[in-house]
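My questions will all concern the structure given below.
All chains are named by letter (A, B, ...) in the order of the sequence lines, taking the proteins before the strands, and each is independently numbered beginning at 1. Computed from a prediction, not measured in an experiment: that's the story for all the values here.
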2 protein chains.
Amino acid sequence: MKIREEYTCPLELAHDITRGKWKPIILWQLRLGNTSLTNLERNIQSINQKMLIEQLKELMEFGMIDKRVFEGYPLKVEYFLTDRGKRMIEAITILQHIGIELMQENGMEEALREKGFIE
Amino acid sequence: MKIREEYTCPLELAHDITRGKWKPIILWQLRLGNTSLTNLERNIQSINQKMLIEQLKELMEFGMIDKRVFEGYPLKVEYFLTDRGKRMIEAITILQHIGIELMQENGMEEALREKGFIE
DNA sequence: CTGGATCCCGAATGATACTG
DNA sequence: CAGTATCATTCGGGATCCAG
């Protein structure tokens with residue numbers, strides 16, 4: 001993840017941090033509470049474990065999420081949003097609305113209906 | 001700008017559209033009202049005209065901004081936010097707050113003060 | 001064996017420099 | 001100031017490793 005050195009506004013720093021292909025959807029999946037790697041992998045279309053771990057690590061570096069590692073067997077790790085991550089969710093919620101609107105405009109209502117985003 | 005075909009949520013579509021290095025800051029600069037290309041170029045650190053035009057075109061394709069071309073001399077073009085772009089600004093405002101917070105945590109208050117973001 | 005994590009590498013994409 | 005070449009970064013596949 002590349003962070004620029006020259007910037008006009010702090011928003012660019014926040015943007016650099018959340019700019020990857022998978023970061024917003026990962027945060028979004030975490031909005032409902034703690035969850036495991038496997039769970040995330042199941043719930044995010046087309047992602048693979050490697051990508052997931054990479055992105056989670058980067059999100060952790062900037063305090064958007066955190067993880068809890070449980071001792072003993074079976075091995076268990078849970079990821080969850082920090083307060084900052086929760087504030088990020090507010091921004092992502094707006095993206096969600098805009099995305100739905102864009103899809104409706106482009107005749108993709110069918111896809112939206114299938115996944116239960118409308119109706 | 002690459003738009004994925006497989007997605008879990010509409011938010012990913014909105015994210016794909018605003019993911020470029022320059023898009024959020026361009027929208028942000030437009031938040032205060034109509035402005036010209038030259039003005040944008042002046043107000044955004046390290047951007048060049050080519051990038052700017054490219055990004056503006058893409059933002060226009062997805063209805064985030066629009067432009068108005070004035071007839072006659074001198075030649076004049078103004079860019080401005082659409083309603084969708086204005087909703088996007090709400091998300092970017094959250095990024096701005098998070099960015100300021102991140103910079104404060106990392107001892108970059110000086111930079112913030114210089115540009116008038118704090119104090 | 002299972003779940004989590006790392007490494008390497010080629011391909012795709014994005015950003016900037018160059019050039020006429 | 002548009003088109004193209006170049007350089008940098010991100011993404012994805014697959015092998016591999018570690019610990020219980």
Protein-nucleotide distance (A:L59, atom CG; C:dA5, atom P), rounded to Å: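 Rounded to whole Å, this separation is 14 Å.
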
Just how far, in rounded Å, is C1' of D:dC11 from CD1 of B:I3?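 That distance rounds to 16 Å.
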
Side chain of A:M51 (C-beta onward), nearest among D:dG12, C:dA15, C:dG14: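 Comparing D:dG12, C:dA15, C:dG14 against the side chain of A:M51, the answer is D:dG12.
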
Starting at CE of A:M88, measure out to CE of A:M64 and round the result to the nearest 0.5 Å.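 Reported to 0.5 Å precision, the distance equals 5.5 Å.
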
What is the distance from CG of A:N39 to C1' of C:dT2, rounded to the nearest Å?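 Distance, rounded to whole Å: 15 Å.
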
Specify the separation, in whole Å, of atom CD of B:Q45 and atom P of C:dT16.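 My rounded result for the distance is 13 Å.
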
For A:E54, which contact category applies under a 4.0 Å heavy-atom criterion: base, sugar-phosphate, or nothing?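 Answer is nothing: A:E54 stays at 4.0 Å or more from every strand.
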
Answer yes or no: does a side-chain N or O of A:T38 lie under 4.0 Å from OP1 or OP2 of C:dG4?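 For A:T38, the contact criterion (side-chain N or O under 4.0 Å from OP1 or OP2 of C:dG4) is met.
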
Any side-chain N or O of A:K50 under 4.0 Å from OP1/OP2 of C:dG4?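 Indeed not, no polar side-chain atom of A:K50 lies that close.
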
Kindly point out which of C:dA5, C:dG14, D:dT10 is positioned nearest to the side chain of A:K2?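 Minimum distance to the A:K2 side chain belongs to D:dT10.
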
Side-chain N or O of A:W22 closer than 4.0 Å to phosphate OP1/OP2 of D:dG12: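 Affirmative; the distance criterion is met.
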
So if I apply the side-chain contact (heavy atoms from CB on, under 4.5 Å) rule between A:Q29 and each of A:N43, A:T35, A:I47, which one comes out positive?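 For A:Q29, the side-chain contact (heavy atoms from CB on, under 4.5 Å) check succeeds only for A:N43.
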
Checking all strands, does B:R19 fall into the base, sugar-phosphate, or nothing category for heavy-atom contacts under 4.0 angstrom?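 Sugar-phosphate only.
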
Applying a 4.0 Å non-hydrogen cut-off, can you work out what A:K67 is touching in the nucleic acid: base, sugar-phosphate, or nothing?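 If one applies the 4.0 Å heavy-atom cut-off, A:K67 turns out to touch the sugar-phosphate alone, with no base involved.
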
Using 0.5 Å steps for rounding, measure from the CG atom of A:D16 to the CZ atom of A:F62.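 Between A:D16 CG and A:F62 CZ, I get 8.5 Å after rounding to 0.5 Å.
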
When you get a sec, tell me which of D:dT10, C:dA15, D:dC1 is the closest nucleotide to the side chain of B:Q55?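 Given the options D:dT10, C:dA15, D:dC1, the side chain of B:Q55 is closest to C:dA15.
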
Atom pair distance, as rounded to whole Å: CG in B:L52 and C1' in C:dA15: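 Rounded to whole Å, this separation is 14 Å.
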
Provide, to the nearest angstrom, the distance between the NZ atom belonging to B:K57 and the P atom belonging to C:dG14.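 Going from NZ in B:K57 over to P in C:dG14 covers 15 Å.
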
Say you draw a straight line from CZ of A:F117 to CD of A:Q104; how long is it, rounded to the nearest 0.5 Å?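 Going from the CZ atom of A:F117 to the CD atom of A:Q104 covers 12.0 Å.
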
OP1 or OP2 of C:dT16 versus the side-chain N and O atoms of B:K21: is any pair under 4.0 Å?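 Yes, because at least one side-chain N or O of B:K21 sits under 4.0 Å from OP1 or OP2 of C:dT16.
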
Between the base of C:dG3 and the side chain of A:Q49, is one N or O donor paired with an acceptor at under 3.5 angstrom?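 Looking at the base of C:dG3, it does not pair with any donor or acceptor on the side chain of A:Q49 (distance under 3.5 Å).
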
Is there a side-chain contact between B:N48 and the phosphate of C:dT16, meaning an N or O under 4.0 Å from OP1 or OP2?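 The answer is no; no side-chain N or O of B:N48 sits under 4.0 Å from OP1 or OP2.
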
Side chain of A:M1: nearest nucleotide among C:dG4, D:dT10, C:dT13?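 The nucleotide sitting nearest to the side chain is D:dT10.
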
So that I can tick it off, tell me whether B:R87 and B:E90 are bridged by a salt bridge, with the cut-off set at under 4.0 angstrom between side-chain N and carboxylate O.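 No, this pair does not count.
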
Look at A:Y79 and C:dG3 and indicate whether a side-chain polar atom (N or O) is within less than 4.0 Å of OP1 or OP2.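 No, because none of the side-chain N or O atoms of A:Y79 sits under 4.0 Å from OP1 or OP2 of C:dG3.
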
Nearest 0.5 Å please: distance from the CG atom of B:L95 over to the CD atom of A:E12.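 The distance works out to 10.5 Å.
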
Would you mind classifying the nucleic acid contact of A:L37 as base, sugar-phosphate or nothing, using non-hydrogen atoms under 4.0 angstrom?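 Sugar-phosphate only.
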
Rounded to whole Å, how long is the line connecting atom NE2 of A:H15 with atom C1' of D:dT9?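 To the nearest whole Å, that distance equals 15 Å.
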
Calculate the interatomic distance between B:I17 atom CD1 and C:dG14 atom P; express it in whole Å.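 Answer to the nearest Å: 13 Å.
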
